[in-house]
Each structure stands twice: as structure tokens, then as C-alpha cells.
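Inspection log for the structure reproduced underneath, given as C-alpha cells.
Not measured: the values here are computed from a predicted model. If you read the sequence from its start, that first residue is 1, and numbering goes on from there.
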Amino acid sequence: KITTGMVRDYLICLDENRPKRLAESTKAKHTIIIRKVLTLAVEDGILNVLPVMPKQKTVDTPRRSFTDSEYRRFMKAAGDCAKRGDVVRGVKVTARHAKMFKFVVHTFLRPTEGELFGMKHKDIQVKSDPPHLELNVRGGKTGGRVSVTLQLAVLIYKGNLNPFDENGPNRNEYVWMPEYPNRTTAINTARRIFNHIVEEADLLDDDEDKLSPYSLRHYALQARIRGSKGKVNLYSLAKHASTSVDQLERFYLKNMAPTKELIENLQTRGDD
């Protein structure tokens with residue numbers, strides 16, 4: 001008995017019972033769940049036909065990224081905070097925290113429990129020709145994957161190791177902030193340290209579009225394209241960043257300012 005009209009009435013009812021309308025993306029999640037449930041009903045013979053779900057108008061809202069100058073200010077402030085030994089909610093800011101944020105930019109990892117904060121030493125292999133890290137990302141947003149990094153990630157990783165440890169690091173130990181077995185605590189602590197550095201770098205904004213740890217990943221992808229002067233293969237970049245070319249265009253590169261090299265690349269002719 002369930003029809004498309006009934007689902008639409010349900011979505012209208014959701015808005016009527018709230019002081020503020022639901023976001024279109026949230027409504028889309030409701031319809032996805034309804035569709036999945038009704039698909040089971042069709043498989044069990046309770047429904048003959050799966051009703052068409054009402055389409056929701058979605059608007060892409062890319063996260064804010066760093067600019068080149070903002071990133072330099074952020075990293076300088078991170079180093080200054082570590083030198084001073086700033087304390088954030090009882091946690092001392094160290095050079096390792098600064099390296100961790102820089103590691104995101106050279107690996108394209110998401111600052112999540114499944115990626116950056118789930119990375120263990122056993123998941124990293126140092127490779128050569130050219131120097132890079134091979135990462136076994138076990139709990140990424142799109143599932144497990146093996147990806148490679150930029151060259152500087154090798155130096156950052158090696159610089160984070162204890163040079164006096166003859167046997168090397170514990171392979172089952174987390175690479176970043178291993179002192180927190182609870183990774184949710186590690187993520188929350190890292191976010192507070194990130195916010196402190198942003199404030200010290202005078203990068204706070206009054207609007208809602210504020211910098212977040214995820215802004216480092218957005219900056220990483222934009223910087224890679226600018227640094228390659230538009231010559232990097234977007235498919236390869238998307239593959240190793242665990243995204244798609246469509247997602248790159250819609251979210252990561254949408255607000256990227258054009259550079260002289262990118263403009264020249266656009267106008268390149270085959271006989272040039």
C-alpha cells in the first residue's frame with residue numbers, strides 16, 4: 001500500500017513537526033533507508049513493485065581549505081606552540097603534533113579513526129624509486145585500500161620514530177598519538193590542538209565556514225594539482241586519496257583559485 005505520494009507526505013510531516021526544516025541531504029538519507037526496507041519487502045513478496053522515491057535537491061557544501069599562505073602560517077604557529085610548550089586542556093603541544101598535521105598533507109589521509117588515527121606501524125612500508133610510503137588503509141571511508149604517498153611523507157614518518165630504538169617501533173602500535181588507546185579520545189584531543197594552533201596563527205573566522213582538520217586534506221589535494229602545474233593524473237590522484245574524479249571536482253577543487261600554470265595548461269595546443 002506504500003506509494004511515492006505517501007513517502008512525500010512523510011517528508012513534509014518531518015518538516016511540519018520541527019521548528020527548522022530538515023536539510024535536503026538528511027531527507028535523502030531518510031528516503032534511502034525507506035527504499036532499503038521496501039526492497040526487502042519486495043524480495044519477501046510483500047510488495048509487488050518498489051515505489052519511486054521522491055528526489056531531494058542537494059547542494060554541495062565543500063569544506064573550507066587552506067590557502068598556501070594560510071598553511072604556512074598554520075605550520076609556523078604549530079612549531080611555535082611546540083617550542084613554547086603550549087598546554088591545551090592539560091595536553092602539551094609537541095613537535096609530533098605538528099608533524100602529524102603535515103603528514104595528512106603528504107598522504108591525503110582523512111583525519112578519522114579509520115585512516116590517520118587508525119594507522120599502525122605494520123600498515124606502513126617505506127619504498128624507494130622514487131621514495132614514498134605504501135599505506136595499508138584498513139578502515140577508510142570507501143573500505144580498505146593500499147595507497148602511496150608523496151616523498152616528504154617518508155621523512156615525516158622516519159622523523160617521528162625513536163632513533164635510539166634498535167628494534168624499531170612496535171608494529172601493532174598506532175603511529176600518531178599512541179598514548180591514547182581510545183582513538184576517539186585521540187581524535188578529540190587532536191582537534192582541540194588543531195583549533196588552538198589555528199587561533200595562534202590568527203586564522204579564526206567569524207562565519208560558520210571554519211578551518212577543521214579535514215581542511216588539511218582539501219589543501220593537500222589542491223596543492224598537489226597546483227604543484228604539478230595541472231599535469232597530475234586526476235584518476236591516479238583520486239584513487240590514492242580514496243575518492244573519485246567527480247568528488248574531486250564537486251568538493252575538493254570547486255573553490256580552488258586558478259593559477260597561471262593551470263590557465264596555460266588549459267590553453268595548450270597539441271602542436272605546442
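For residues 7-40, every residue pair satisfying the ring pair (Phe, Tyr, Trp, His ring centres under 6.0 Å) rule, not counting sequence neighbours, is listed here: Y10-H30. Here salt bridge (charged side-chain N to carboxylate O under 4.0 Å, His left out) pairs that include residues 145-158, with residues two or more places apart or in two chains, are E115-R145. Residue pairs meeting the ring pair (Phe, Tyr, Trp, His ring centres under 6.0 Å) criterion with at least one partner in residues 116-169, sequence neighbours excluded, are H121-Y157. Residue pairs satisfying the ring pair (Phe, Tyr, Trp, His ring centres under 6.0 Å) criterion with at least one member in residues 216-246, sequence neighbours excluded, are listed as follows: Y71-Y219, H218-Y252. Applying the ring pair (Phe, Tyr, Trp, His ring centres under 6.0 Å) test to every pair with at least one member in residues 182-204, sequence neighbours left out, gives these pairs: F74-F194, F101-F194. Listed by first then second residue, pairs satisfying salt bridge (charged side-chain N to carboxylate O under 4.0 Å, His left out) with a partner in residues 164-184 number zero, not counting sequence neighbours.
Look at K92 and D86 and you find no salt bridge, because none of the NZ, NE, NH1 or NH2 atoms lies under 4.0 Å from a carboxylate O. The existence of a salt bridge linking E24 and K29 is excluded, since no basic side-chain nitrogen approaches an acidic carboxylate oxygen closer than 4.0 Å. The pair K20-D15 does not count as a salt bridge, with every side-chain nitrogen at least 4.0 angstrom from each carboxylate oxygen.
Under a hydrophobic clustering in which Ile, Leu, Val, Met, Phe, Trp and Tyr are joined whenever their side-chain heavy atoms come within less than 4.5 Å, directly or via other members, L116 and V126 fall into the same cluster. Put simply, L14 and I12 are part of two different groups of oily side chains (I, L, V, M, F, W, Y) that touch within less than 4.5 Å, one to the next. With hydrophobic clusters built from ILVMFWY side chains whose heavy atoms lie under 4.5 angstrom apart, L150 does not share a cluster with V148. Under the 4.5 Å side-chain heavy-atom criterion for ILVMFWY residues, a single connected hydrophobic cluster contains both I187 and L216. Linking ILVMFWY side-chain heavy atoms closer than 4.5 Å, directly or via other members, places L11 and I34 in a single hydrophobic cluster.
The two residues A238 and S244 make their nearest non-hydrogen contact at CB-C, 3.7 Å. In terms of heavy atoms, A98 sits closest to A78 at CB-CB, 3.8 Å. In plain terms, the two heavy atoms of S147 and V137 that are nearest each other are OG-CG2, 4.2 Å. Nearest heavy-atom pair across Q151 and P130 is NE2-CB, 3.7 Å. In this structure, A153 and L133 approach most closely via the heavy-atom pair O-CD1, 3.6 Å.
Within the 4.5 Å cutoff, no side-chain heavy atoms of V93 are placed close to those of V87. Contact check for F66 versus V105: no side-chain heavy atoms found under the 4.5 Å cut-off. You'll find the side chain of I193 stays beyond 4.5 Å of the side chain of R89, heavy atoms only. The closest side-chain heavy-atom distance from L204 to K210 is not below 4.5 Å. Between D123 and L135 there is no side-chain heavy-atom pair separated by less than 4.5 Å. Residues F108 and R224 are in side-chain contact: their nearest non-hydrogen atoms beyond the backbone lie under 4.5 Å apart. A heavy-atom distance below 4.5 Å is found between the side chains of R110 and S242.
Scanning for side chain to side chain donor-acceptor pair (under 3.5 Å) contacts around D80 gives K76, with sequence neighbours left out. Legend: residues meeting side-chain contact (heavy atoms from CB on, under 4.5 Å) with E134, ordered by chain and number and at least two apart, are Q125, K127, V146. Residues satisfying the side chain to side chain donor-acceptor pair (under 3.5 Å) test with R191, not counting sequence neighbours, are N188. Every residue was checked against the side chain to side chain donor-acceptor pair (under 3.5 Å) condition with K99, not counting sequence neighbours, and none meets it. Residues that satisfy the side chain to side chain donor-acceptor pair (under 3.5 Å) test with N162, not counting sequence neighbours, are absent from this structure.
Proximity of a side-chain donor or acceptor of T94 to a complementary backbone N or O of R96 within less than 3.5 Å is detected. Remark: side-chain polar atoms of S228 are paired, donor with acceptor, to backbone N or O of I225 under 3.5 angstrom. No donor-acceptor pair under 3.5 Å is formed between the side chain of R138 and the backbone N or O of G144. In terms of modelled atom types and a separation under 3.5 Å, the side chain of N17 and the main chain of C13 share a donor-acceptor contact. For T107 (side chain) and T149 (main-chain N/O), no donor-acceptor pair under 3.5 Å exists by modelled atom type. The backbone N or O of M53 sits nowhere less than 3.5 Å from a side-chain atom of T4 that would complete a donor-acceptor pair.
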For residues 36-51, tabulate all N or O donor-acceptor pairs below 3.5 Å that involve a side-chain atom, not counting sequence neighbours.
| unit_1 | atom_1 | unit_2 | atom_2 | d |
| --- | --- | --- | --- | --- |
| T39 | OG1 | R35 | O | 2.7 |

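Taken to the nearest 0.5 Å, the CE atom of M100 stands 12.0 Å off from the CG atom of L109. Interatomic distance, CG of L152 versus CZ of F103, reported as 10.5 Å (0.5 Å rounding). Distance CZ/R72 to OG1/T67: 7.5 Å, rounded to 0.5 Å. In this structure, NZ on K239 lies 11.0 Å from CG on N233, to the nearest 0.5 angstrom. How far CD of E70 is from CG of D202: 10.5 Å, rounded to the nearest 0.5 Å.
K102 NZ: 12 or fewer foreign heavy atoms inside a 6.0 Å radius. With a 6.0 Å radius and a threshold of 12 heavy atoms from other residues, nucleotides or ligands, R21 has its CZ atom at or below the threshold.
For K120 and N172, the side-chain atoms include no donor-acceptor pair closer than 3.5 Å.
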TODO: Apply side-chain contact (heavy atoms from CB on, under 4.5 Å) to the pair R217 and T243, showing each step before the final yes or no.
DONE: CA-CA 12 Å; R217 173 175 157 91; T243 186; 4.0 Å; yes
- [ ] Check step by step if side-chain contact (heavy atoms from CB on, under 4.5 Å) holds for M119 and N136.
- [x] CA-CA 8 Å; M119 188 67 54; N136 182 13; over 6 Å; no
